[in-house]
Amino acid sequence: MDENVGTLQFTTIGDIIKKHREQANLSITQLSNLSGVHKGVISKIELGDTKRPELRTIKAISRALEIPYQKIVAHYIDVEKRVETLKELFLEAVQFANKPLVSKVAIKLLESPQEDTYNAIEQLYLLTKNLTGTAFQLLLYKIIAQYARERGVPPYVAKSLLQIYLIERQDLKKMEDSFKAGEEILYYVDFLSQEEKITYYFRMGLQAFAIKKYKQCIELCEAGLALETTETELKARAYLAMINSYYFLDNFDEVEKHLDVFEKFRYDFVTDAAKTTRGIVKARLKKFDTAIPLLRRCLDEVSKDIKIHVVTELLDVYFQTEDMDSIAELLAREEEFLPDSPQTPYKHVSIGIYHQHKGNYMVRIGQLEAGMNSFVTSLQAYGTVNAEEEIVKCMADIFSYFSNNSKSMDLHFVDMIHQVYNNYIGKNRK
């Protein structure tokens, strides 16, 4: 299709119709009968007297002659200036999933002499926002952002960059890159609406937590909280990310202070998250006599969606206290807490931590094959979200076992790790 757009650029619509009509051995009268288009209209199009025929006319003729419709559209875009017709062409180019045509008609819409620059950008932005499927949205938002930047229209630079960020942040393997791109929006944030600012701050805050930028998470969430006056689920989740960031910064006073506020949100996940966080804080403070029973109650009471976080904390405590029996008991309950379809980086990392703990336990009790399988599963989970720090720690555990036990690693295990590296880790570093 790219070839059709490029190689026929000096051919008119009339030339294309005439060529296909003659190849089909049809007279203008016969084509008129087949298409339902008056022969005088066809004749004027072929002669070039009608420069911009109606789109419905071109559709009827192209169907009758079996001309690939995209081929006609590519040339129609060159001559068309009517905004409403260009919008129709735009939607049809999207339907054909033809990126060159979509880009071409988008730029034609932006440059339309019938609209001033701001209105043209606004109309294309609204058209793009109403599309389904992020691939074309991403392409178009980038076109709008560049065009708005070149024409000095910062509101639509800001809006388009925000939409690009919201799409690209969904790729869990490129979280660092999309976060860095999201930071550019800070320069344009004053051009966003109140609602867009709140979305931006909270989504960036959640992502900052996911990639361990805890101080930035707190700053971003606080900026969103200062603007959001209503209770929303996004606000509650951002609040939890901020609390967890304080936790990883070892600021437990702030954790407990904000938990008191967080518990007032009325969403299903809030009670479980608050209860679990209080237990984890006690474990981090090494108040094991309080932490263990609290976390064990959480394991029995909270939803499956959050159980994995409780389990990883309990396993960590049991390793510290050398309670191998309790570790074995937890591992036997694996089906109760392993997530079926993890959606967040935090959950993928928690799954990796669980399997890393399991691997350590298995090799300690002499089940080397099972232990190595668990380590491999751990590396796969970390690799899914490109968690490099965790990958390094897991590899260190593997090599520590063989080093401490004066054993050489079997080639079978080397091959397993090599495959994981190629499939989950190496690709992310290219």
Side-chain angles (χ1 to χ4, degrees), residues 158-159 161-172 174-281 302-303 305-306 308-309 339 342-350 385 387:
K159 290 175 182 292
L161 289 179
L162 175 60
Q163 296 304 323
I164 291 167
Y165 164 70
L166 292 175
I167 293 170
E168 290 185 337
R169 75 187 293 278
Q170 297 175 45
D171 187 341
L172 299 183
K174 297 181 179 178
M175 296 285 278
E176 291 279 355
D177 291 339
S178 60
F179 184 82
K180 187 177 295 184
E183 289 182 304
E184 183 185 356
I185 301 169
L186 285 170
Y187 298 106
Y188 297 94
V189 74
D190 289 340
F191 295 101
L192 297 173
S193 68
Q194 181 92 337
E195 183 180 353
E196 288 169 332
K197 288 178 184 176
I198 292 167
T199 299
Y200 170 68
Y201 284 129
F202 284 159
R203 292 296 180 192
M204 281 284 285
L206 288 167
Q207 189 172 1
F209 172 74
I211 60 177
K212 300 183 180 181
K213 297 182 183 291
Y214 301 126
K215 290 182 179 179
Q216 285 176 265
C217 171
I218 293 167
E219 292 171 1
L220 289 160
C221 289
E222 285 180 340
L225 290 168
L227 298 173
E228 182 59 274
T229 57
T230 60
E231 181 177 302
T232 67
E233 183 175 344
L234 180 58
K235 180 179 180 179
R237 293 195 180 278
Y239 214 102
L240 179 59
M242 185 175 68
I243 290 170
N244 287 332
S245 292
Y246 277 121
Y247 166 79
F248 284 110
L249 291 172
D250 295 332
N251 193 336
F252 302 120
D253 289 340
E254 288 295 317
V255 170
E256 294 186 330
K257 182 178 79 173
H258 286 292
L259 275 174
D260 292 338
V261 178
F262 174 68
E263 286 177 319
K264 295 176 183 177
F265 284 97
R266 293 168 301 208
Y267 295 100
D268 292 341
F269 69 92
V270 170
T271 300
D272 287 352
K275 191 187 304 181
T276 301
T277 302
R278 291 192 187 279
I280 290 173
V281 167
V302 301
S303 66
D305 188 58
I306 203 172
I308 186 66
H309 307 306
Q343 300 295 320
T344 66
Y346 188 36
K347 198 151 290 178
H348 281 287
V349 169
S350 292
V385 292

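Looking at every heavy atom in both residues, R278 comes nearest to E263 through NH2-OE1, 3.1 Å. Minimum interatomic distance between F262 and A236 (heavy atoms only, all atoms of both residues): CE1-O, 3.4 Å. Between N244 and T277, the shortest heavy-atom distance links the atoms OD1-OG1, 4.1 Å. Minimum interatomic distance between I198 and G224 (heavy atoms only, all atoms of both residues): CG1-O, 4.4 Å. For the pair A387 and V349, the tightest heavy-atom approach, listed with the atom from each and the gap, is CB-CG2, 4.1 Å. Counting all heavy atoms, side chain and backbone alike, L220 lies closest to A208 at CD1-CB, 4.3 Å.
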As a quick check of understanding, evaluate salt bridge (Lys or Arg N to Asp or Glu O under 4.0 Å) for E219 and K215, giving each step before the final call. CA-CA 6 Å; E219 292 171 1; K215 290 182 179 179; over 6 Å; no
Show your reasoning for whether side chain to side chain contact (heavy atoms under 4.5 Å, CB included) applies to I185 and Y165. CA-CA 9 Å; I185 301 169; Y165 164 70; 3.9 Å; yes
List the steps, then state whether side chain to side chain contact (heavy atoms under 4.5 Å, CB included) holds for D305 with F269. CA-CA 9 Å; D305 188 58; F269 69 92; over 6 Å; no
Could you go through the side chain to side chain contact (heavy atoms under 4.5 Å, CB included) check for K347 and H309 one step at a time? CA-CA 8 Å; K347 198 151 290 178; H309 307 306; 3.9 Å; yes
Quick one, M242 with E222, criterion side chain to side chain contact (heavy atoms under 4.5 Å, CB included). Give me CA distance, side-chain angles, the key distance, then yes/no. CA-CA 8 Å; M242 185 175 68; E222 285 180 340; 3.7 Å; yes
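Ion pairing between a basic and an acidic side chain is recognised when a charged N comes within 4.0 Å of a carboxylate O; E196 and K159 show such pairing.
Relative orientation of the Y246 and H258 rings is parallel, given thresholds of 30° and 60° on the angle between their planes. Ring geometry for F191 versus Y188: interplanar angle of 30 to 60°, hence tilted. Ring geometry, F209 versus Y346: the interplanar angle exceeds 60°, so the pair is classed perpendicular (tilted spans 30 to 60°).
Results of the side chain to side chain contact (heavy atoms under 4.5 Å, CB included) test with L162 over L192, V189, I167 single out L192 as the only residue that passes.
Interatomic distance, E254 CD to K257 NZ, rounded to the nearest 0.5 Å: 3.5 Å. In this structure, CE in M175 is found 11.5 Å from NZ in K213, a value given to the nearest 0.5 Å. The line from OG1 of T199 to CD of Q163 is 9.0 Å long, rounded to the nearest 0.5 Å. Separating the CG atom in L166 from the CE atom in M204 is a distance of 10.5 Å, to the nearest 0.5 Å. Remark: Q207 CD to C217 SG distance equals 11.0 Å, nearest 0.5 Å. Taken from SG in C221 to NZ in K235, the straight-line distance is 12.0 Å, to the nearest 0.5 Å.
Heavy-atom neighbours of K264 NZ from other residues, nucleotides or ligands within 6.0 Å: at or below the threshold of 12. Within a 6.0 Å radius of CG in D171, other residues, nucleotides and ligands contribute more than 12 heavy atoms. For Y267, the OH atom sits in a packed shell: over 12 heavy atoms of surrounding residues, nucleotides or ligands are nearer than 6.0 Å.
Considering only heavy atoms from C-beta on, L234 comes within 4.5 Å of L206 through its side chain. Inter-residue side-chain proximity for L225 and F202 is flagged as met; some heavy-atom pair is nearer than 4.5 Å.
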